[in-house]
Asker: 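I am attaching a structure below and will ask some questions about it afterwards.
Here the structure is a predicted model, which is why all the values come from computation and not from measurement.
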Amino acid sequence: MVSHFAAPERADQTVVLHQAQLLCDSPLVSELLGLVSGLVAVINEHRQLVALNRKLLDLLDVPDAAELLGLRLGEAVGCIHAHEMDAGCGTSEYCATCGAVIAMVLSQEQDRPVERECILEAMRHGREVHMVLRVQTQPMPIDGRRFTLLFLQDRTSEHQQAILERVFLHDLTNLVSGIQAASQLLIWDNQEDGESIKYQVAGYADRLAGEIAMHRMLLDGDSWTYTPQFKHVALSEIVEGLQNSLCHHPATSGKRIQWPQPLPLGEILTDQVALLRVLTNMLINALEASEPGEVVRVSIKQGDTLMIQVWNSAVISELHQRRIFQRNFSTKTGHGRGIGTYAMKFLSERVLHGRVEFSSNLHQGTVFTVSLPHAPDAAPSM
């Protein structure tokens, strides 16, 4: 059988059941599975499950461990890539970036403990589930045979909390600062200016409400809590909104954004909050991938569809390109990552009825493109 990463061979079910019985008869393994409060499993040399504890069975909503014996971890949890190859979990192109498979392979090859983070997209009971698992492996010889102990920690909630703190609170702080500044002007300025400032405050308040609803939807993939508000928006206003969003962002430090000159004419029927979120994420990603002194370019092309592109000189590795739009996956280290590119695709396709594409190579750098209809089908008649 063909594999793009880990060894494809498996033990047949007779051997698996014999191994499971061997572990069941081991006092050490029985004590571990019974006493450890976290998620625990044991795999054989072919990465097949031969023992699981009750906590892991409960997480997978499986009453009897016998249903999972002989499967690999990705197959047991319903990973969407587990059956792309005939050899199963660990053998697809995506598996080369899977923290769980990497941890198992390294641990078995080097006979040492390994720890990795696994970003998982699975189908469970007909629902799409996004998980972040911390996987720790420990070689465990039993009766002269090689087994590997897996300790799994579900860090999905922790990961979402980090995103909330890093992205959501930063966005809200920017908007609240804008409201405060405009409110002070409204108090101190003359009556003539006050009329325009009132509209500015109202605009900030609308964006604030939209951002709250949008972030709630992005953090909770099962709940559609955002109602798009389509209206005609000048393209120059979109660019100015981006400039305001990024003027104090730490990612801009030491870097320069080249904006379209002159500012584009015309307008688009769109949800302004969602579009600004997509474009802001595109720009922040490009800025964070750039070195001090480098330039990030924004361009706008108008035709049957509106195309907005963001370019930077960095290159995304081929391995990472396959997962670039996966929720919780990030090429960067640190907590609170992995929502930006996912949000680009989700909002562009599900809310704005457009699409996001990218290209990345040594000759051209990296370009993200959002293509939008001038009048999306789902927009209300104006």
Side-chain angles (χ1 to χ4, degrees), residues 166-179 181-182 199-200 202-212 214-215 218 228-290 294-302 305-314 339-348 351-352 354-358 365-372 374:
R166 183 180 179 275
V167 182
F168 180 51
L169 295 183
H170 181 274
D171 292 343
L172 258 60
T173 299
N174 280 350
L175 289 171
V176 170
S177 296
I179 291 173
Y199 286 104
Q200 189 177 347
Y204 275 124
D206 286 344
R207 281 190 59 191
L208 182 61
E211 288 281 358
I212 291 171
M214 190 185 320
H215 278 278
L218 290 171
Q229 301 294 322
F230 287 96
K231 63 179 182 180
H232 289 283
V233 184
L235 296 179
S236 59
E237 187 178 340
I238 296 294
V239 174
E240 289 166 359
L242 278 174
Q243 293 171 333
N244 292 334
S245 297
L246 292 165
C247 61
H248 299 300
H249 198 285
T252 62
S253 179
K255 300 149 193 176
R256 184 168 63 89
I257 302 175
Q258 182 179 314
W259 301 98
Q261 291 295 336
L263 287 179
L265 300 175
E267 58 184 25
I268 184 173
L269 182 62
T270 191
D271 180 284
Q272 186 174 6
V273 174
L275 179 54
L276 282 174
R277 168 54 42 215
V278 170
L279 298 176
T280 299
N281 286 356
M282 287 171 65
L283 271 162
I284 290 174
N285 275 5
L287 288 163
E288 289 183 338
S290 301
E294 291 186 337
V295 176
V296 169
R297 291 201 297 263
V298 181
S299 60
I300 297 178
K301 301 176 182 178
Q302 300 186 65
T305 61
L306 176 71
M307 294 175 60
I308 304 176
Q309 296 182 316
V310 175
W311 172 91
N312 71 282
S313 62
I339 197 69
T341 49
Y342 168 78
M344 286 181 213
K345 188 172 182 64
F346 184 94
L347 294 173
S348 296
V351 176
L352 301 175
R355 70 180 188 275
V356 167
E357 301 168 306
F358 78 97
T366 297
V367 180
F368 276 84
T369 303
V370 57
S371 302
L372 301 166
H374 285 283

Asker: Lys231 versus Gln229: any side-chain heavy-atom pair under 4.5 Å?
Answerer: no
Asker: Working to the nearest 0.5 angstrom, can you tell me the gap between Ile300 CD1 and Trp259 CH2?
Answerer: 9.0 Å
Asker: Measure the CG-CD1 distance between Leu372 and Ile268 for me, rounded to the nearest 0.5 Å.
Answerer: 4.5 Å
Asker: Give me the atom names and distance for the closest heavy-atom approach of Pro264 to Leu235.
Answerer: CG-CB, 3.8 Å
Asker: Rounded to the nearest 0.5 Å, what's the gap from CG on Leu242 to CD1 on Ile308? Could you check?
Answerer: 7.5 Å
Asker: Given Val233, which of Thr270, Leu269, Leu275 fulfils the side chain to side chain contact (heavy atoms under 4.5 Å, CB included) condition?
Answerer: Thr270
Asker: Do Val298 and Met282 have side-chain heavy atoms sitting under 4.5 Å apart?
Answerer: no
Asker: Begin with the C-alpha distance, continue with both residues' side-chain angles, and end with the deciding distance and a verdict on side chain to side chain contact (heavy atoms under 4.5 Å, CB included) for Asn285 and Asn312.
Answerer: CA-CA 9 Å; Asn285 275 5; Asn312 71 282; over 6 Å; no
Asker: Quick one: CD on Glu240 to CG on Leu263, what's the gap to the nearest 0.5 Å?
Answerer: 6.0 Å
Asker: Check whether any side-chain heavy atom of Leu347 sits under 4.5 Å from a side-chain heavy atom of Val356, and report yes or no.
Answerer: no
Asker: Quick one: NZ on Lys301 to OG on Ser371, what's the gap to the nearest 0.5 Å?
Answerer: 10.0 Å
Asker: Grab the two heavy atoms, one from Asn281 and one from Ala343, that are nearest each other, plus how far apart they are.
Answerer: ND2-CB, 3.5 Å
Asker: Just how far is it from atom CE of Met344 to atom OG1 of Thr280, taken to the nearest 0.5 Å?
Answerer: 10.0 Å
Asker: Considering residues at least two apart in sequence or located in another chain, which fulfil the salt bridge (charged side-chain N to carboxylate O under 4.0 Å, His left out) criterion with Arg355?
Answerer: Glu357
Asker: Taking all non-hydrogen atoms of both residues into account, name the closest pair between Glu288 and Lys255 and its distance.
Answerer: CA-NZ, 4.3 Å
Asker: Between Gln302 and Leu265, which heavy-atom pair has the shortest distance, and what is it?
Answerer: NE2-O, 3.2 Å
Asker: Looking only at heavy atoms, which two atoms of Ser299 and Pro260 are closest? And how far apart?
Answerer: CA-CG, 4.5 Å
Asker: Could you pull out the closest heavy-atom pair between Pro228 and Val351, with the gap in Å?
Answerer: CG-CG1, 3.8 Å
Asker: Pair Ile284, Leu246 - check side chain to side chain contact (heavy atoms under 4.5 Å, CB included), show working.
Answerer: CA-CA 8 Å; Ile284 290 174; Leu246 292 165; 3.7 Å; yes
Asker: What residues form a salt bridge (charged side-chain N to carboxylate O under 4.0 Å, His left out) with Lys345, not counting sequence neighbours?
Answerer: Glu349
